[in-house]
Amino acid sequence: MDFSGCALVKRANATAYRHRETAFNSSSNLDDTSLYYLLEEWTLNPSDTSMKMFLIPPVVCLVAGILIIPTILFVIFSRFSIRQETRYMLLGNALLSDLIYLLFYTLSAALNAAHVHLPEEACVLLLFLLAVAYSGGLFTAAAIILDTYIAILFPLRYIAILPPSRTKKIIVLLWMCSAAFPGIFFLVLSSTHSFASCVLEMCSVPVILILTLNGTDAVKLCFWLSTVVIFLCLSLIFCCYAILYFKTKQSGIWESICSRASVTFLMHNTVLFFYFFPLLALFVESFLRINSVIRLQTGIWVSLTVFNVLMILPKVLFPFLYGLRYREISASLKSIVRNKHLHLMSPPPSPS
């Protein structure tokens, strides 16, 4: 179905919207075509100004991310001693993934709020880049925890296990895995013709997710497998944190609640919670909606909240709660600010 065909069907279905709204508020057991038009009519309803309010969190987080993430990346890549350490290379990779995700998701939300319809190829590319960036951030977060685990439990063998050359190969492997998992999912969607032009014309991530869960069994299987992979990564992160805590509990570094180790542990677990909770909420909402326990309207509100608020927050909290905790990065930032201040305050040279 092309875009003109979509427009004709929209006009033909406009007179039936009031009748479909009853089904929208009462049941989610609809065919794909009816479900798409229900979602499109509801999200494009001019009187529903609260839909545009969901654009505020991505924009605010993007502005905050642009202010801090490029600065930390500049410090990492401009200092040879810093960019040769595994933890800083992984941190820079995670920040780069988060910045890409913030940019593309805010672009997607802004275009959808402005009712700008993208070509099918552009929408597929945008969705693929979002999936790659999110997967890259999640896999890199798991790698950061593994790096911390190895550094604390095997300090004498750490350099031999993770030299800079091997870390670079690991980062390349992380990006390959980040592209492979969404690539398989998109190939299944393409081969089963689950990417209808009308759906891609709207190009809303929460709406496409709902339609995906009402697709073929192969598409549902890919979605649930992706969910399992994500939760395995998060479980790995949680287990490493738990092992680190119990292994270092007898060392005395946890005696003071204000100690650097306690505060760092709290900050890391806060970031972990913000990564884990949105996915858990999305999983529960999807399960309840598929089984018609909650209404479709409730499901789309939850999906919008998860994607536009809860999934965005970790991306902007990560550099503040994690990146700035490193002494080398914070000291380099202070040095840059101090040198810039001295340069501005220094008097101009006197004319000879």
Side-chain angles (χ1 to χ4, degrees), residues 61-62 64-106 128-152 158-159 161-183 226 229-230 232-234 236-238 240-241 264 267-272 274-276 278-279 311-330 332-333:
C61 290
L62 176 62
I66 289 177
L67 291 176
I68 186 64
I69 293 178
T71 306
I72 297 179
L73 290 176
F74 173 77
V75 170
I76 293 175
F77 292 110
S78 63
R79 301 287 197 276
F80 180 79
S81 59
I82 293 180
R83 69 171 182 265
Q84 287 299 109
E85 292 193 35
T86 297
R87 53 178 175 169
Y88 295 127
M89 284 191 281
L90 292 175
L91 174 63
N93 192 61
L95 293 176
L96 181 62
S97 300
D98 290 347
L99 183 60
I100 293 173
Y101 183 86
L102 285 172
L103 286 170
F104 284 115
Y105 188 82
T106 306
F128 178 74
L129 292 175
L130 278 172
V132 171
Y134 188 84
S135 301
L138 187 63
F139 292 158
T140 307
I144 288 174
I145 305 307
L146 285 175
D147 172 69
T148 306
Y149 179 86
I150 295 172
I152 293 177
Y158 175 74
I159 299 298
I161 296 174
L162 287 175
S165 58
R166 184 171 296 172
T167 303
K168 294 176 183 178
K169 296 177 182 178
I170 292 175
I171 291 176
V172 173
L173 180 62
L174 290 175
W175 279 106
M176 291 174 62
C177 293
S178 301
F181 283 104
S226 302
V229 171
I230 290 173
L232 284 176
C233 289
L234 292 171
L236 175 65
I237 294 173
F238 177 79
C240 287
Y241 270 135
T264 302
M267 294 298 99
H268 291 184
N269 278 276
T270 301
V271 175
L272 175 62
F274 279 112
Y275 268 107
F276 179 79
L279 296 172
M311 279 191 173
I312 294 293
L313 276 178
K315 309 298 182 184
V316 73
L317 288 176
F318 188 80
F320 289 98
L321 299 182
Y322 198 102
L324 295 180
R325 291 290 299 170
Y326 287 114
R327 292 188 180 96
E328 292 85 352
I329 291 179
S330 59
S332 297
L333 288 175

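Sequential numbering from 1 along the given sequence is applied to the chain's residues.
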>> Suppose we screen for salt bridge (charged side-chain N to carboxylate O under 4.0 Å, His left out). Which residues come up paired with Arg79, at least two apart in sequence or across chains?
In response: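 Checked Arg79 against salt bridge (charged side-chain N to carboxylate O under 4.0 Å, His left out); zero matches.
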> Among all residues two or more places apart in sequence or in another chain, which pass the side chain to side chain contact (heavy atoms under 4.5 Å, CB included) test with Ser178?
Replying inline: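 Val132, Ser135, Phe139.
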> Can you name the residues that form a side chain to side chain contact (heavy atoms under 4.5 Å, CB included) with Ile159, not counting sequence neighbours?
Replying inline: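 Not a single residue meets the side chain to side chain contact (heavy atoms under 4.5 Å, CB included) criterion with Ile159.
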Over all heavy atoms of both residues, which pair between [X] and [Y] is shortest? Give the atoms and the distance, please.
X	Y	answer
Val316	Gly65	CG2-N, 3.8 Å
Ser78	Arg83	C-NH1, 3.9 Å
Ser332	Ile82	OG-CD1, 3.8 Å
Pro182	Cys177	CD-O, 4.3 Å

Between [atom1] on residue [X] and [atom2] on residue [Y], distance to nearest 0.5 Å:
X	Y	atom1	atom2	result
Leu90	Leu174	CG	CG	7.5 Å
Ile145	Ile150	CD1	CD1	12.0 Å
Thr140	Leu146	OG1	CG	11.5 Å
Ile68	Leu317	CD1	CG	12.0 Å
Arg87	Ile329	CZ	CD1	8.5 Å
Ile312	Leu62	CD1	CG	8.5 Å

> What pairs of residues pass the salt bridge (Lys or Arg N to Asp or Glu O under 4.0 Å) test when at least one of them lies in residues 129-150, not counting sequence neighbours?
Replying inline: none
> Got a donor-acceptor contact below 3.5 angstrom from the Arg166 side chain to the Ile161 backbone?
Replying inline: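 Side chain of Arg166 to backbone of Ile161, a donor-acceptor pair under 3.5 Å: yes, one is there.
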For [X], side chain to side chain donor-acceptor pair (under 3.5 Å) partners two or more places apart:
X	value
Tyr88	Glu328
Gln84	none
Thr167	Thr86

Show which side-chain atoms of residues 94-101 pair as donor or acceptor with protein atoms under 3.5 Å away, not counting sequence neighbours.
from, atom 1, to, atom 2, distance (Å)
Ser97, OG, Asn93, O, 3.0
Asp98, OD1, Lys315, NZ, 3.3

> Considering residues at least two apart in sequence or located in another chain, which fulfil the ring-ring contact (aromatic ring centres under 6.0 Å, His included) criterion with Tyr158?
Replying inline: none
>> If the condition is ring-ring contact (aromatic ring centres under 6.0 Å, His included), which residues does Phe104 pass it with, not counting sequence neighbours?
In response: none
> When Met89 is tested against each of Leu162, Ile170, Ile171, Ile76 for side chain to side chain contact (heavy atoms under 4.5 Å, CB included), which residue passes?
Replying inline: Ile171
